[in-house]
Amino acid sequence: MSGDGALSDMARLYLRGSGHNASKVHGVKEEGVDGMVPSIDMDVLRAPVSPTSAGDGYRIHVLGIPEEGAKSRVETQIKVCLRLVTPAGDKVTDFDYLAIDNHLMALFRSAPPPPPDNLVPERTLYLDSSVICASNPHRRVSACFGCIQRERKRMQRRKDLSAAELKALHDDIEMEQRRIIIFNCNANTVDFSSGYVCLGLRITCYSRHHDEKVGFCIRFVLKDYLGNVVAQTVTPPIQITDDHKSSRAAASAATASAAATSALVGKAYGAPSLGHATAAVG
């Protein structure tokens with residue numbers, strides 16, 4: 001692995017979990033009022049980034065979430081596959097690893113495990129994830145206080161976290177708000193040499209808590225080790241609901257959709273099965 005001198009502040013943030021918002025590290029303030037992302041629409045977010053030395057017009061394909069009618073619950077894991085492709089649709093295999101912010105890991109630790117010995121910053125991508133409202137893509141949402149309280153109780157049931165680690169997390173309300181999206185991976189650095197990765201995640205706040213009628217979309221942005229955007233996309237809307245009865249009707253169709261997605265990924269890329277697509281399962 002290259003020395004720390006080769007890493008940007010953002011790369012250190014992701015690999016060590018030693019800070020907060022990457023935009024703060026770089027001294028960049030988002031435009032607009034608090035809680036808003038810069039003025040940009042869904043079509044722009046799903047379009048390829050303008051060709052640069054970082055991205056060459058790459059796109060992110062998201063598999064595992066239906067285009068319409070996706071529903072889930074705060075307790076339910078959503079399984080998605082992210083695939084980085086060229087404008088021609090060929091998978092990109094120029095990167096060995098994908099790094100996820102340690103603070104957004106379900107298995108959060110104040111001192112995350114060290115990155116792989118063979119990690120090279122220039123061949124590593126960094127995943128920036130946020131949740132936005134489908135009815136107003138300019139509106140980025142954070143976990144509400146009630147849902148933060150529920151997640152605190154969930155964390156307190158873990159046997160592998162010390163009291164000091166729990167206190168460090170709970171004392172940082174900004175970080176707890178950012179944990180509206182949580183990734184369930186064994187490590188925050190995962191293999192990306194094949195150009196795709198399958199991730200389990202949860203959205204930890206209900207749509208109705210933000211008066212969102214359509215659902216939440218997840219915005220995925222891939223950046224290189226210098227912080228340059230390589231590719232970005234937004235998912236179709238996912239309604240996060242506690243209405244178990246109404247969500248059962250979508251469960252069967254969602255499971256079938258996920259099975260088809262899993263088969264497609266496995267056939268085309270030799271990927272491990274995605275299993276049941278809880279992305280739309282109530």
Side-chain angles (χ1 to χ4, degrees), residues 21 23 29-49 59-82 104 127-151 173-174 176-183 199-222 229 231-251 253-254 257-258 261 277-282:
N21 194 311
S23 65
K29 183 178 180 181
E30 290 184 333
E31 298 176 1
V33 298
D34 291 342
M36 308 289 276
V37 298
S39 180
I40 192 167
D41 61 30
M42 292 290 194
D43 290 336
V44 172
L45 286 174
R46 286 181 171 176
V49 176
R59 290 177 177 267
I60 304 173
H61 288 172
V62 180
L63 303 177
I65 300 177
E67 282 295 325
E68 297 180 354
K71 288 188 177 182
S72 188
R73 301 193 298 270
V74 294
E75 304 91 349
T76 304
Q77 180 170 273
I78 301 170
K79 294 186 178 180
V80 299
C81 184
L82 303 182
L104 302 185
L127 181 62
D128 186 3
S129 308
S130 57
V131 176
I132 59 178
C133 288
S135 61
N136 180 5
H138 304 311
R139 183 185 176 201
R140 186 173 61 190
V141 294
S142 302
C144 71
F145 183 71
C147 288
I148 287 175
Q149 291 285 75
R150 185 197 63 250
E151 290 299 315
I173 187 64
E174 180 185 350
E176 289 186 297
Q177 288 177 319
R178 284 187 59 211
R179 283 173 63 86
I180 190 171
I181 182 169
I182 295 177
F183 292 90
L199 301 171
L201 60 88
R202 287 191 300 118
I203 297 177
T204 64
C205 201
Y206 295 106
S207 301
R208 63 180 174 83
H209 288 180
H210 300 270
D211 295 321
E212 175 52 45
K213 306 299 184 183
V214 180
F216 293 144
C217 298
I218 305 172
R219 182 187 183 193
F220 292 118
V221 182
L222 294 178
V229 174
Q232 62 182 358
T233 194
V234 291
T235 68
I238 308 169
Q239 186 69 250
I240 306 300
T241 177
D242 52 0
D243 185 355
H244 295 188
K245 293 182 179 180
S246 65
S247 62
R248 287 173 187 165
S257 173
T261 296
T278 52
V281 176

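Each residue takes its place number in the sequence, starting with 1.
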Notebook entry, point to check: Taking it one step at a time, do Ile218 and Val62 satisfy side chain to side chain contact (heavy atoms under 4.5 Å, CB included)?
Noted result: CA-CA 10 Å; Ile218 305 172; Val62 180; over 6 Å; no

Next item on the list: Kindly indicate, with the supporting measurements, whether the criterion side chain to side chain contact (heavy atoms under 4.5 Å, CB included) is fulfilled by Val229 and Asp128.
Entry: CA-CA 10 Å; Val229 174; Asp128 186 3; over 6 Å; no

Margin query: Quick one, Cys133 with Val214, criterion side chain to side chain contact (heavy atoms under 4.5 Å, CB included). Give me CA distance, side-chain angles, the key distance, then yes/no.
Written below: CA-CA 8 Å; Cys133 288; Val214 180; over 6 Å; no

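Put simply, CD on Gln177 and SG on Cys144 are 9.5 Å apart, with the number rounded to the nearest 0.5 Å. Between the OG1 atom of Thr233 and the CG atom of Leu82 there is a distance of 9.0 Å, given to the nearest 0.5 Å. With values rounded to the nearest 0.5 angstrom, Arg178 atom CZ is found 9.5 Å from Ser129 atom OG. Rounding to the nearest 0.5 Å places CD of Gln239 at 10.5 Å from CD1 of Ile203. Distance check: Arg208 CZ to Lys213 NZ gives 10.5 Å after rounding to the nearest 0.5 Å. Here CG of Asp242 is found 8.5 Å from CD of Glu75. Values are rounded to the nearest 0.5 Å.
Annotation for Ser207 and Gly215: closest pair OG-CA, 4.1 Å, computed over non-hydrogen atoms. In plain terms, the two heavy atoms of Pro236 and Cys217 that are nearest each other are C-SG, 4.0 Å. The two residues Glu67 and Pro237 make their nearest non-hydrogen contact at O-CD, 4.3 Å. The heavy-atom pair separating Ile132 from Arg140 by the smallest distance is CG2-CA, 4.0 Å.
Residues passing the ring pair (Phe, Tyr, Trp, His ring centres under 6.0 Å) test with His61: none are found, sequence neighbours excluded. Among residues two or more places apart in sequence or in another chain, the salt bridge (charged side-chain N to carboxylate O under 4.0 Å, His left out) test is passed with Arg150 by none. With sequence neighbours left out, the ring pair (Phe, Tyr, Trp, His ring centres under 6.0 Å) criterion links Tyr206 to His209. Here Glu151 pairs with Arg202 under the side chain to side chain donor-acceptor pair (under 3.5 Å) rule; sequence neighbours left out.
At least one side-chain heavy atom of Leu222 sits under 4.5 Å from a side-chain heavy atom of Ile60. Within the 4.5 Å cutoff, the side chain of Leu127 has no heavy atoms near those of the Leu104 side chain. With a 4.5 Å cut-off on side-chain heavy atoms, Ile180 and Ser142 do not count as touching.
In this pair, His210 and Phe216 present their aromatic rings perpendicular. The plane angle is above 60°, beyond the 30 to 60° band.
A donor-acceptor distance shorter than 3.5 angstrom exists from the side chain of Thr204 to the backbone of Arg179, with no hydrogens or angles considered. Of the possible donor and acceptor atoms, none in the side chain of Ser72 sits under 3.5 Å from a partner among the backbone N and O of Ile240.
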